[in-house]
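I have placed the structure first, in the form of structure tokens, so that the comments after it can refer back to it.
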Amino acid sequence: MPELPEVETIRRDLASLVLGRRIDEVEVLWPRTVQGLEAEAFQARLAGQRIEWLGRRGKHLLLHLSSGGDLIIHLGMSGRLLLEQGHISPEKYDRVLFRLEGGLALRFRDVRKLGWLALVKDGEEFLASLGPEPLEEGFTAEVLTKRLAGRKGQLKPLMLNQRFLAGVGNIYADEALFAAGLHPCRRADTLSEEDIARLHWAIRSTLASGIEDRGSSVNDYRDAEGRPGRHQENLAVYGREGEPCPRCGAPIQRIVVGGRGTHFCPNCQR
DNA sequence: ACCACAACCTGGCCGC
DNA sequence: TGCGGCCAGGTTGTGG
């Protein structure tokens, strides 16, 4: 599942190859993938525009275009952005094809159709309701403290709430809570100052180490070249039900919290 | 604010 | 071998 580290890996991979290139032609194969515009209008508006820079906001990829607008891409659960050389034709599960200047092509492939693309005036504004970027300097322990104040819900659903914090999904939420030694069901307003400091550090280091490993390929995730990441090998709890905790050896438990599969160590996370 | 649940989707897996 | 049923999860929307 593409979360912040996976989207950031794709952004970095794409940047070196597509920056400054013109989009020659766009082919929408599954119109519902495109939000807010008819497929024909979307295709027509993108053709001829240059990709000026690539950004990321939470799990969204932003392509800033020469017209001044932004193309926002969300990979959903199973979305991939695959960069290829040569004239490509549609393959199974392809939803949108971009043919770029210089014989380069980009496929948006998405088996489960939960991903989407939107062409908007201002991407940052369009995504303004998202919470802070966890890896930016401005995301300090004080900021986290303020955002936690008055929150009575459990930590796990809060970590997944994109309005609370942008970019964390099910994998990195479980990993960050493990690294912080906090139980996923812990009420947010019961954290001490030290708890919050550990959670703050845990969120940032968990995401950073995911990026270092080029993302986690638990199911579907692939980078722009179609390669898996390797962070799944370094996950402490996610997907490891019954396996020994890397810290204390107790078996990792899987429970459902807020309707989501949740992995934790019952000994290290109280 | 918070919670529960449905909807969007489909491959993969289970049990029969 | 096949079929029905359920699960996975990111996000939004609804209703309590």
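What you see is a predicted model, and the numbers here were worked out from it, not measured in a lab. Values below: every heavy atom of this structure, side chains too, minus hydrogens, waters and symmetry copies.
Between A:F108 and A:L29 there is no side-chain heavy-atom pair separated by less than 4.5 Å.
Interface remark: the A:R112 side chain does form a donor-acceptor pair with the C:dA8 base, using a distance-only criterion of under 3.5 Å.
Whole-Å rounding puts the A:K92 NZ to B:dT10 P distance at 10 Å. In this structure, the CG atom of A:D174 is 12 Å from the C1' atom of C:dG9, given to the nearest Å. For the pair A:L155 CG and B:dA1 P, the computed distance is 15 Å after rounding to whole Å. Rounded to whole angstrom, the span from the CG atom of A:L127 across to the C1' atom of C:dT11 amounts to 13 Å.
For the residue pair A:Q49 / A:S67, a side-chain donor-acceptor distance below 3.5 Å is found, with atom types taken as modelled.
Backbone-only engagement by A:R254 is indicated by non-hydrogen atom pairs under 4.0 Å involving sugar-phosphate atoms exclusively. At a threshold of 4.0 angstrom between heavy atoms, the contacts of A:Y238 are confined to the sugar-phosphate backbone, with no base atom among them. Within the nucleic acid shown, A:G115 has no heavy atom closer than 4.0 Å to any nucleic acid atom.
Ring geometry, A:F42 versus A:F98: the interplanar angle exceeds 60°, so the pair is classed perpendicular (tilted spans 30 to 60°). Between A:H200 and A:F139, the ring planes are tilted. Angles from 30° to 60° get that label.
When each of C:dT11, B:dC9, C:dG9 is scored by its nearest atom to the side-chain atoms of A:M77, the top-ranked nucleotide is C:dG9. Among C:dT11, B:dC2, B:dC8, the nucleotide with an atom closest to any side-chain atom of A:R32 is B:dC8. If you check B:dG11, B:dC9, C:dT11 against the side chain of A:L114, the one that comes closest is B:dC9.
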